[in-house]
Enquirer: 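The structure follows.
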There are 2 protein chains.
Amino acid sequence: MRIGELAAQAGMTKDTIRFYEKVGLVAGHRLANGYRDFPPETVVWLHYVRTAQKLGFSLAEIARHGEDLRDAPDSAQALSTLFEEKIQVIDERMAELGALRAELTARVGTGCPLRAN
Amino acid sequence: MRIGELAAQAGMTKDTIRFYEKVGLVAGHRLANGYRDFPPETVVWLHYVRTAQKLGFSLAEIARHGEDLRDAPDSAQALSTLFEEKIQVIDERMAELGALRAELTARVGTGCPLRAN
DNA sequence: CTTGACCTTGGAGCCTACTCCACCCTTTAG
DNA sequence: CTAAAGGGTGGAGTAGGCTCCAAGGTCAAG
């Protein structure tokens, strides 16, 4: 799969994908003519990248997730452990969101301002 | 309350607070000697800023939250409506996190890789 | 054999959110 | 009176994450 199609399927620009390759977030091998060629799973990976990013992970962190996955001894066991770690991080984020939500909920109906002027 | 104490209580540097003032995130009036003077509620507001930011809102968005709050007709009703809006945004974020979590959970135990190489 | 869509590589530029610096003023304590 | 602790300004610099050229190679269709 070449970069244009990947970009379309992942919902980002080619420039962004080239940038991601530069920072090690995606790995591209090349065709004889120099064009990048990506395996189809890259689409899934890029969707994961977008999601993780929206949820507050930096590209560096996400790249580390990717390396963890790649470098793990390839037992399903090791992979599961890694996924469980990420799930814990997510649960922490969700707890924070819950706290913010509670803070706002507590103010609904109170007329108590969050910001003075 | 002067900038140093505010910085200490809000857990950020004075420079950051001055920067926030520049972009309209906090409003400072001045003492006779030119020093900034902040009302105590600013601490609460800055904590809110930090939290909202960790959860993926940009400073511009957060500033808008602040303006919404300030500009609202000052009935408790209007404030509540605004808070409820923010809560909805949070609920959307939480749903996204939940989706990511589910994606990872589904892979636990499968040995199915997220990233190809 | 040219046109058009697709790809390549630098490298510059932009936005966000700080962070640091130099230089200067104010206030309080000894 | 002086030193230390706090404050003020303007402006430069940084890191992260793109985004946009310009100049040029590749390839299938007509």
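Proteins come first, then strands; the chains are lettered A, B, ... in the order of their sequence lines, and each starts at number 1.
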Enquirer: Provide, to the nearest angstrom, the distance between the CD1 atom belonging to Ile62(B) and the C1' atom belonging to dC18(C).
Expert: 14 Å
Enquirer: Expressed as a whole number of angstroms, how long is the span from Phe19(B):CZ to dC15(C):C1'?
Expert: 11 Å
Enquirer: Quick check on side-chain contact (heavy atoms from CB on, under 4.5 Å): which of Asp15(B), Ile17(B), Thr13(B) does Ile3(B) satisfy it with?
Expert: Ile17(B)
Enquirer: Tyr20(B) side chain N/O closer than 4.0 Å to the phosphate oxygens (OP1, OP2) of dA17(C)?
Expert: no
Enquirer: I need the CE-P distance between Met12(A) and dC20(D), as an integer number of Å.
Expert: 15 Å
Enquirer: Minimum heavy-atom separation for Phe38(A) and Arg2(A), please, with both atom names.
Expert: CD1-C, 4.4 Å
Enquirer: Gln53(A) and Ile62(A): which non-hydrogen atoms are nearest, and at how many Å?
Expert: N-CD1, 3.8 Å
Enquirer: Check for a donor-acceptor pair, side chain of Gln88(B) on one end and backbone N or O of Glu85(B) on the other, with a separation under 3.5 Å.
Expert: no
Enquirer: Without decimals, in angstroms, what is the distance between Leu59(B) CG and dA17(C) P?
Expert: 4 Å
Enquirer: Strictly distance-based, threshold 3.5 Å: is any side-chain N or O of Trp45(A) a donor or acceptor partner for the main-chain N or O of Leu25(A)?
Expert: yes
Enquirer: Any side-chain N or O of Thr16(B) less than 4.0 Å from the OP1 or OP2 oxygen of dT19(C)?
Expert: yes
Enquirer: Strictly distance-based, threshold 3.5 Å: is any side-chain N or O of Glu61(B) a donor or acceptor partner for the main-chain N or O of Ser58(B)?
Expert: yes
Enquirer: Base, sugar-phosphate alone, or nothing: which one does Thr13(A) contact when heavy atoms must sit under 4.0 Å apart?
Expert: nothing
Enquirer: Summarise protein proximity over nucleotides 6-11 of chain C in one line of letters, 5' to 3': B for base, S for sugar-phosphate only, - for none, counting protein heavy atoms closer than 4.0 Å.
Expert: BSBB--
Enquirer: Between atom CG in Leu31(B) and atom P in dT28(C), what is the gap in whole Å?
Expert: 11 Å
Enquirer: Would you mind reading off the distance between Met1(B) atom CE and dG6(D) atom P, rounded to a whole angstrom?
Expert: 14 Å
